[in-house]
S.K.: 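Take this structure first; my questions come after.
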Amino acid sequence: MKITPIRGTHDFFGQQVLKYRAIQDLISHYSRIYNFEEIITPIFESTDLFKKPLGENSDVVLKEMYTFKDKNEDLITLRPEYTTPMIRAAISNNLLEKLPKKLYGIGPMFRRERPQKGRYRQFNQINFEILGTHDVSSDIELIILANSFLQNLLPDKKINLFINSLGDKDTLSKFSSALSKYFREKKEKLSEESQNKIISNPIRILDSKDPMDVEINLNAPKISDFYSNEANEKFSNIQKILKDMSIDFSINKNLVRGLDYYCHTVFEFKTLDLGSQDTLIGGGRYDGLTKLLGGPDIPGVGWAGGIERLIMLMDDIKSLQKKIHLIIINESFREYGLKVANQLRKENINIHFDYKYNLKKSLSYANQLGVRYAIIIGEEEVQKNICTLKDLNSNVQEKKTIENIIKDLS
RNA sequence: GCGAACGUAGCUCAGUUGGUUAGAGCGCGGGCUUGUGGUGCCCGAUGUCGAGGGUUCGAAUCCCUUCGUUCGCCCCA
């Protein structure tokens, strides 16, 4: 029998769970103050849902999807990203009547890649999406939301924001053919990977790390030369407002992102602390996507954040809750001890009832757990209907009635 | 999917040119102390040397395969 988890998957326990919950809490806080509504969708969907939107030639579709045949021969895929399923759900449930629609979701995604630090086959993502507006305020609000969330969660970490604009669909197709033409002339000098992309996906050559490619990219056509007036205005608006709001960013004109549906604004928040899997949050605008999925022709913008990567950057969480270790000196006082525990729990006090009935071992155990207080119950306590309350930090202990203990601790 | 490194006790790691019964520290269990923990002292157990196969009189050590982790590429969160 296989007793290890599947490659690229992990169990969460201890600190990881505390951190995961802390992220969830913070996300739910931001969703409230930015007025986003949560949506929970199935983790598998029809394979067709992903193929077109992500791009038939994108790596995600080509080699990273977990796809299998259902018993009735339908092709099913474990969701590799959340934007597409969220929009599908919005369309399926007629949620796009009143616009804009602001949705967020948290949950597992699946991609069959080679596992690495910060890259797993099942990983958890946070997604925020705004459907139904072209207004740059929505792009900016999402960037500010991501920025505040990261600063709140990771105040001591250096995180860089990169932005770019891909222009509108027209920009993109003109730019794409200009790039193809340029790269065809330099074909021999390009890396093998990049040569394969000249026709299928020339834009992706721009973010190659190969030194020769980087050099060739220096003189490649610039996307900004292909912006429409509208796209240009949008992009400079965003930059101006981010500057006015003192949000640091840099423009990275090679930032193109891997999923086909992006246009106009794209952005990434990156860290220097995770090696090569350094994107914490990535997103952008996807104006044609909802229509492509069979919904109304409305624009959209959103981002996704990787929870595992955030967890790796977080400091350990210390519990602030007052805990009491309840120790019964021997089993004959069990009944009294359980009654005391019950009374204290009614006051919402966290009681760890110790089953060892051995004072020394129990105190040692309490100490290891880092518990502050212990209640000790033996013959004298039972006879006088009291408890001994011991502060394990100060080593001070006192005999008290249960009522006084409740007063002391609340 | 490609390239590379690594895998020894719960954890961090030693382990010589292949040699007999595989080690240390931390942690764990017991005792010094039968109603008092953290420090100290004494004692004890750590184990499929990732797994499988091969070479050899003999393998943790050499070879092959495989699984896993890490790093880079790729990709992305």
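In what follows, chains carry the letters A, B, and so on, assigned in the order in which the sequence lines appear, proteins first and then strands, with residues in each chain numbered from 1.
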S.K.: Select one nucleotide: of B:A77, B:U36, B:C76, the one nearest the side-chain heavy atoms of A:Lys270.
M.R.: B:C76
S.K.: Counting only side-chain heavy atoms from C-beta out, which of B:G35, B:G37, B:C76 sits nearest to A:Ile376?
M.R.: B:G35
S.K.: Describe the nucleic acid contact of A:Asn330 in one word from base, sugar-phosphate, nothing, applying a heavy-atom distance below 4.0 Å.
M.R.: nothing
S.K.: With heavy atoms under 4.0 Å as the rule, sort A:Glu64 into base, sugar-phosphate or nothing.
M.R.: sugar-phosphate
S.K.: The side chain of A:Glu113 lies closest to which of these nucleotides: B:G35, B:C76, B:A77?
M.R.: B:A77
S.K.: Between B:U36, B:A77, B:C76, which nucleotide gets closest to the side-chain atoms of A:Gln125?
M.R.: B:A77
S.K.: Would you say whether A:Phe123 stacks on B:A77? The test is a distance between ring centres of less than 5.5 Å and an angle between planes of less than 30°.
M.R.: yes
S.K.: Does NZ or CZ of A:Arg79 fall inside the cone over A:Tyr82's six-membered ring, less than 6.0 Å from its centre and within 45° of the axis?
M.R.: yes
S.K.: What contact category does A:Lys390 fall into here, base, sugar-phosphate, or nothing, at under 4.0 angstrom with non-hydrogen atoms?
M.R.: base
S.K.: Before we go on, tell me: are the rings of A:Tyr365 and A:His325 under 6.0 Å apart, centre to centre?
M.R.: yes
S.K.: Between the side chains of A:Tyr336 and A:Glu381, is a donor N or O closer than 3.5 angstrom to an acceptor N or O?
M.R.: no
S.K.: Do we get A:Lys102 above A:Phe36's six-membered ring, with its NZ or CZ under 6.0 Å from the centre and within 45° of the axis?
M.R.: yes
S.K.: Whether the A:Tyr66 and A:Gln122 side chains hold a donor-acceptor pair (N or O, under 3.5 Å, no angle test) is what I'd like checked.
M.R.: no
S.K.: What is the nucleic acid contact for A:Glu381, judged by heavy atoms within less than 4.0 Å: base, sugar-phosphate only, or nothing?
M.R.: base
S.K.: Contact class for A:Leu280 vs. all strands (heavy atom < 4.0 Å): base, sugar-phosphate, or nothing?
M.R.: sugar-phosphate
S.K.: Tell me if the side-chain of A:Lys360 makes a donor-acceptor pair with the base of B:U33, cut-off 3.5 Å, by modelled atom types.
M.R.: yes
S.K.: Quick one: label A:Gly282 by what it contacts on the DNA or RNA (base, sugar-phosphate, nothing), any heavy atom closer than 4.0 Å.
M.R.: sugar-phosphate
S.K.: Does A:Arg204 contact B:C74 through a side-chain donor or acceptor facing the base, at a distance under 3.5 Å?
M.R.: no
S.K.: Is the phosphate of B:C74 approached by A:Gln277 (side-chain N or O, under 4.0 Å from OP1 or OP2)?
M.R.: no
S.K.: Whole angstroms only, please: what is the CG-P distance between A:Asn395 and B:G38?
M.R.: 11 Å
S.K.: Grab the CD-P distance between A:Gln368 and B:C11 for me, whole Å please.
M.R.: 18 Å
S.K.: Applying the side chain to side chain contact (heavy atoms under 4.5 Å, CB included) criterion to A:Pro53, which one of A:Asp48, A:Thr84, A:Thr83 satisfies it?
M.R.: A:Thr84
S.K.: Considering only B:G37, B:C74, B:G35, which nucleotide approaches the side chain of A:Thr388 most closely?
M.R.: B:G35
S.K.: Can you name the atoms? Protein N/O to nucleotides 69-71 of chain B N/O, anything below 3.5 Å, with the distance.
M.R.:
from  : atom 1 : to       : atom 2 : distance (Å)
B:U69 : OP2    : A:Arg7   : NH1    : 2.9
B:C71 : OP2    : A:Lys117 : N      : 2.7

S.K.: Given B:G37, B:G1, B:A77, identify the nucleotide with an atom nearest to the side chain of A:Asn367.
M.R.: B:G37
